[in-house]
Amino acid sequence: MEDPAIQKIKQRQSKGKFLNSEPVSGRTIKKTLQIFLRFLTEKRINTEPSSQIPVVPLTANQLEQLPEDQLFIIKLGHSSLLLKVYGEIWLIDPVFGERASPFAFMGPKRFHPTPIDLKTLPFIDRVLISHNHYDHLDKTTIRALANRVGRFYVPVGVDQTLFKWGGEPGKISCFNWWQEEKIQDGFIAFTPTRHFSGRGLSDADKTLWGAWVIETGRERLYFSGDSGYFAGFANVGEKYGPFDLAFIETGAYDSDWPDVHMTPEQSLQAYRDVRGLRMMPIHNGTFDLAFHPWYEPLERIFQLATRQPGSQPVPLCTPVFGEAHTLESLTHTKPWWQPLMKKNCRQTR
């Protein structure tokens with residue numbers, strides 16, 4: 001018998017739009033225009049770095065030289081990750097474009113270059129996409145990779161976008177919430193988040209959004225994608241946890257959209273709900289997508305993780321972009337943004 005959760009998603013899809021398990025406040029055209037006006041008129045402080053963000057250059061040869069009997073994690077920027085999973089190269093939400101925008105001439109621009117050039121990437125065994133927003137699904141990147149990827153894993157509806165961009169139907173696996181697919185010694189599963197989708201004015205919520213669970217046979221990873229805080233994190237933790245590493249959205253939050261992105265305090269609770277053993281904050285450090293200082297998400301989660309009275313410090317993983325880490329070495333990473341944060345503050349004064 002089909003999973004009731006999956007059947008429910010199909011019923012929602014038949015009505016033309018997907019819905020969250022917990023409602024979000026209405027995203028009207030009026031509200032969108034009000035937020036756009038804020039971006040045009042509101043004075044924002046330190047939303048972009050005043051000094052160069054550290055990036056460790058990465059080459060295809062360096063990737064090849066990494067041992068094939070371990071799992072390696074490389075943060076490329078924002079929510080984009082490169083994993084070497086026992087010899088296989090994986091990408092999650094790869095965005096190599098200069099802007100997270102439908103336009104080449106305007107919209108959020110990268111703070112830093114990608115650690116590795118898109119053209120020099122080796123063959124990619126698997127690509128996972130969480131949803132279709134521009135800072136997670138990049139047309140330029142997908143088109144460049146289309147013939148160099150073994151398999152794409154995408155939410156319901158996003159497969160149609162990939163077909164238009166050159167993806168081969170036989171190489172695309174399409175997922176509903178709670179759907180799983182076996183891989184080698186483990187599996188990949190797609191789980192709910194509290195978010196939305198759309199790349200224009202006419203396609204709101206017509207494709208699904210969600211998070212990824214990766215079971216390698218030795219480790220279990222959780223990639224949150226984008227989400228507001230909701231009870232579904234605990235459901236994921238109960239079904240699939242604990243996770244050796246949880247990549248948790250931490251950034252681009254604001255009081256104007258509290259239901260679809262998390263504050264650092266909520267991100268920490270989500271990490272606990274999914275039963276993470278290590279936490280890597282993602283969705284930060286690369287694009288200006290909100291009104292808070294660019295470094296604030298990282299600094300707030302760092303303070304929360306290390307200075308909570310009466311509780312054990314959270315193993316927080318904050319690698320420099322481009323660094324290759326094992327699970328063990330990730331817990332020795334440093335707050336690389338703090339020197340840049342101080343420079344930003346001095347310039348503001």
Side-chain angles (χ1 to χ4, degrees), residues 58-66 68 71-98 100 110 113-176 179-190 197 199 207-217 219 221 223 225-226 247 282 286 321-322 324:
L58 182 68
T59 66
N61 184 59
Q62 288 173 317
L63 286 174
E64 185 180 351
Q65 296 303 312
L66 293 175
E68 298 190 357
L71 169 68
F72 290 90
I73 300 101
I74 301 170
K75 190 175 182 183
L76 299 177
H78 195 56
S79 296
S80 299
L81 301 170
L82 188 153
L83 310 179
K84 187 168 184 179
V85 184
Y86 301 100
E88 287 193 351
I89 303 297
W90 295 30
L91 289 174
I92 305 179
D93 283 2
V95 174
F96 284 75
E98 278 299 300
R110 303 185 69 90
T114 54
I116 187 169
D117 188 85
L118 180 60
K119 295 178 182 177
T120 64
L121 277 172
F123 179 83
I124 307 299
D125 294 278
R126 307 177 197 271
V127 173
L128 282 65
I129 304 294
S130 64
H131 64 296
N132 74 351
H133 286 159
Y134 287 91
D135 55 325
H136 296 262
L137 180 63
D138 179 52
K139 184 177 182 179
T140 300
T141 301
I142 299 301
R143 279 188 160 173
L145 292 176
N147 296 322
R148 293 188 284 144
V149 172
R151 192 150 204 87
F152 288 95
Y153 301 85
V154 302
V156 171
V158 176
D159 54 326
Q160 299 302 313
T161 303
L162 264 59
F163 297 156
K164 295 176 184 177
W165 295 350
E168 299 178 25
K171 292 184 176 181
I172 300 174
S173 292
C174 201
F175 286 73
N176 288 294
Q179 189 171 340
E180 301 176 359
E181 184 172 310
K182 291 184 178 180
I183 56 159
Q184 299 169 330
D185 298 326
F187 63 87
I188 294 174
F190 194 58
S197 66
R199 294 175 69 83
T207 66
L208 193 54
W209 53 89
W212 291 106
V213 170
I214 301 170
E215 165 65 60
T216 71
E219 301 91 1
L221 311 177
F223 178 84
D226 283 1
F247 304 97
I282 57 172
T286 301
F321 301 129

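In what follows, every heavy atom counts, from backbone to side chain, and hydrogens, waters and symmetry copies are set aside. Here the structure is a predicted model, which means the values were calculated and not measured.
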Run the side chain to side chain contact (heavy atoms under 4.5 Å, CB included) test against A189 and tell me which residues pass, sequence neighbours left out.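 With sequence neighbours excluded, A189 shows a side chain to side chain contact (heavy atoms under 4.5 Å, CB included) to E180, F187, V213, Y240, given in chain and number order.
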Partner set under side chain to side chain contact (heavy atoms under 4.5 Å, CB included) for F72, not counting sequence neighbours: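 F72: side chain to side chain contact (heavy atoms under 4.5 Å, CB included) contacts with L66, P67, Q70, K84, T326.
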Could you walk me through whether V85 and I214 pass the side chain to side chain contact (heavy atoms under 4.5 Å, CB included) test, one step at a time? CA-CA 10 Å; V85 184; I214 301 170; 5.9 Å; no
How far does [atom1] of [X] sit from [atom2] of [Y], to the nearest 0.5 angstrom?
| X | Y | atom1 | atom2 | answer |
| --- | --- | --- | --- | --- |
| T120 | N61 | OG1 | CG | 11.0 Å |
| K171 | F152 | NZ | CZ | 8.5 Å |
| I74 | W90 | CD1 | CH2 | 14.5 Å |
| L91 | L82 | CG | CG | 5.0 Å |
| I188 | Q179 | CD1 | CD | 11.5 Å |
| L121 | I89 | CG | CD1 | 9.0 Å |

Nearest non-hydrogen partners of [X] and [Y], listed with the distance:
| X | Y | result |
| --- | --- | --- |
| W165 | A146 | O-CB, 4.3 Å |
| G322 | L58 | O-CD1, 4.2 Å |
| F175 | Y153 | CE1-CD2, 3.5 Å |
| F321 | L76 | CD2-C, 4.0 Å |

What residues, two or more places apart in sequence or in another chain, satisfy salt bridge (Lys or Arg N to Asp or Glu O under 4.0 Å) together with E181?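 Partners of E181 under the salt bridge (Lys or Arg N to Asp or Glu O under 4.0 Å) test: R151.
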Apply the test side chain to side chain contact (heavy atoms under 4.5 Å, CB included) to residues L81 and F223: give CA-CA distance (whole Å), side-chain angles for both, the deciding distance (0.1 Å), then the verdict. CA-CA 10 Å; L81 301 170; F223 178 84; 3.7 Å; yes
Side chain to side chain, [X] and [Y], heavy atoms closer than 4.5 Å:
| X | Y | value |
| --- | --- | --- |
| T286 | R110 | yes |
| H78 | H136 | yes |
| I129 | D93 | yes |
| L221 | L71 | yes |
| V154 | L137 | no |
| E215 | I183 | no |
| T141 | L118 | yes |
| Y134 | V95 | no |

Establish, from distance only, whether the side-chain atoms of H133 and D226 form a donor-acceptor pair under 3.5 Å.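 No donor-acceptor contact under 3.5 Å links the two side chains.
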Tell me yes or no: between the side chains of T207 and N132, is some donor less than 3.5 Å from an acceptor?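 Yes - a donor-acceptor pair under 3.5 Å links their side chains.
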Summary of salt bridge (charged side-chain N to carboxylate O under 4.0 Å, His left out) pairs that have at least one residue in residues 117-145, sequence neighbours excluded: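 Sorted pair list: E88-R126.
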Tell me every residue that passes side-chain hydrogen bond (donor to acceptor under 3.5 Å, both in side chains) with E219, counting only those two or more places apart in sequence or in another chain.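 Expected list: Y86, T216.
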Less than 6.0 Å separating the ring centroids of W212 and F247?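 No - the distance between ring centres of W212 and F247 does not fall below the 6.0 Å cut-off.
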In residues 155-163, what donor-acceptor pairs under 3.5 Å come from side-chain atoms, sequence neighbours left out?
unit_1, atom_1, unit_2, atom_2, d
D159, OD1, G157, N, 3.1

